[in-house]
Amino acid sequence: MHEACTGILDSAKGLYVSLTGKTIINGEHVLRITCQGHIRDFGGIFNPQWATFVRVLVLGQQDARTLHDDVRRYSQQMSGAIKFMQRGGNHIHLIDGDGLWNLRQHRGAKCLTAQFLS
């Protein structure tokens with residue numbers, strides 16, 4: 001059964017968070033190590049790759065070498081997360097880099113999951 005999601009992730013404190021691709025915040029590429037610091041700043045737990053216990057996946061830009069699904073331009077991590085949810089797994093909040101920044105600033109992050117599952 002999927003957990004209810006209002007479309008806004010108010011906090012990711014205590015949640016496992018993974019990154020996929022190059023994270024873009026306010027139009028600029030942010031290094032992975034910096035993103036890990038942002039995750040720690042809001043109380044999240046960084047996990048280097050997606051796994052079924054991860055509850056937040058930060059979507060980044062993908063280059064052609066890392067694409068798992070060329071048609072939809074999904075990374076392997078994102079494809080895995082979507083398949084997991086489609087098979088009845090727990091809800092995973094898919095957010096972008098600006099959402100990561102908003103969480104760091106203690107503002108809500110828009111959950112993009114619904115647009116990928118429809």
Side-chain angles (χ1 to χ4, degrees):
M1 171 178 267
H2 293 289
E3 299 164 12
C5 178
T6 64
I8 299 293
L9 176 60
D10 292 319
S11 170
K13 185 175 182 176
L15 298 180
Y16 284 93
V17 181
S18 291
L19 305 168
T20 177
K22 295 178 183 175
T23 303
I24 307 297
I25 297 175
N26 296 323
E28 295 194 20
H29 174 242
V30 178
L31 296 176
R32 191 172 201 80
I33 191 79
T34 303
C35 291
Q36 290 172 18
H38 293 337
I39 291 166
R40 282 190 303 274
D41 287 346
F42 62 70
I45 304 162
F46 175 71
N47 197 66
Q49 60 186 18
W50 182 80
T52 57
F53 57 81
V54 167
R55 290 293 164 254
V56 182
L57 185 59
V58 181
L59 307 176
Q61 291 183 345
Q62 305 297 320
D63 68 34
R65 295 173 294 144
T66 62
L67 291 178
H68 180 71
D69 182 330
D70 290 335
V71 176
R72 291 182 297 241
R73 307 209 38 91
Y74 292 171
S75 69
Q76 185 171 0
Q77 291 183 57
M78 185 170 169
S79 291
I82 290 170
K83 286 178 185 175
F84 174 75
M85 288 186 286
Q86 288 173 333
R87 292 181 184 143
N90 289 327
H91 180 81
I92 298 165
H93 300 282
L94 303 175
I95 64 171
D96 59 15
D98 291 335
L100 176 65
W101 181 253
N102 285 345
L103 288 172
R104 185 179 184 276
Q105 300 298 314
H106 304 289
R107 297 189 309 248
K110 183 177 180 183
C111 180
L112 306 171
T113 301
Q115 75 185 48
F116 291 103
L117 291 179
S118 47

Study note, to complete from the structure: Here the pair of heavy atoms bringing Ile92 nearest to Val56 is CG2-N, 4.3 Å
Study note, to complete from the structure: Contacts satisfying side-chain hydrogen bond (donor to acceptor under 3.5 Å, both in side chains) that involve residues 6-19 (not counting sequence neighbours) are none
Practice item. Identify the heavy atoms of Lys110 and Ile95 that sit nearest to each other, and give their distance. Key: O-CG2, 3.5 Å
Check your understanding: Got Cys35 and Leu100 here, is their nearest side-chain heavy-atom distance under 4.5 Å?
Key -> yes
Check your understanding: If Ile, Leu, Val, Met, Phe, Trp and Tyr residues are connected whenever their side-chain heavy atoms lie under 4.5 Å apart, and connections chain through other members, are Val30 and Val17 in the same group?
Key -> yes
**Study point:** Pairwise distance NE2(His91) to CG(Leu9) - rounded to 0.5 angstrom
**Key:** 8.0 Å
Check your understanding: How many angstroms lie between atom CD1 of Ile39 and atom CD1 of Ile45, to the nearest 0.5 angstrom?
Key -> 10.5 Å
Check your understanding: Under 3.5 Å, is there a donor-acceptor pair between the side chain of Asp98 and the main chain of Asn26?
Key -> yes
Point to revise | ILVMFWY network linking Phe46 to Leu57, side-chain heavy atoms under 4.5 angstrom | key: no
Exercise for review: Can you establish whether the number of heavy atoms outside Gln105 located under 6.0 Å from its atom CD is more than 12?
Suggested key: yes
Check your understanding: Looking at Ile25 and Trp101, what are the two nearest heavy atoms and their distance?
Key -> CG2-CB, 3.6 Å
Exercise for review: Provide the full list of side-chain hydrogen bond (donor to acceptor under 3.5 Å, both in side chains) pairs with a residue in residues 36-46, sequence neighbours left out, each pair given once.
Suggested key: His38-Arg104, Asp41-Arg104
Revision key, fill the gap. Nearest heavy-atom contact between Gln49 and Val54 is O-CG2, 4.1 Å
Practice item. Using the rule that two of Ile, Leu, Val, Met, Phe, Trp, Tyr join whenever any of their side-chain heavy atoms come within less than 4.5 Å, decide whether Met85 and Leu15 are in one cluster. Key: no
Practice item. Looking only at non-hydrogen atoms, find the nearest pair between Lys22 and His29 and report the distance. Key: CB-CD2, 3.5 Å
Point to revise | ILVMFWY network linking Leu112 to Ile8, side-chain heavy atoms under 4.5 angstrom | key: no
**Study point:** Shared hydrophobic cluster, Ile33 / Ile24 (ILVMFWY, side-chain heavy atoms < 4.5 Å)
**Key:** no
**Study point:** Smallest separation among heavy atoms of Leu103 and Ala12, with atom names
**Key:** CD1-CB, 4.0 Å
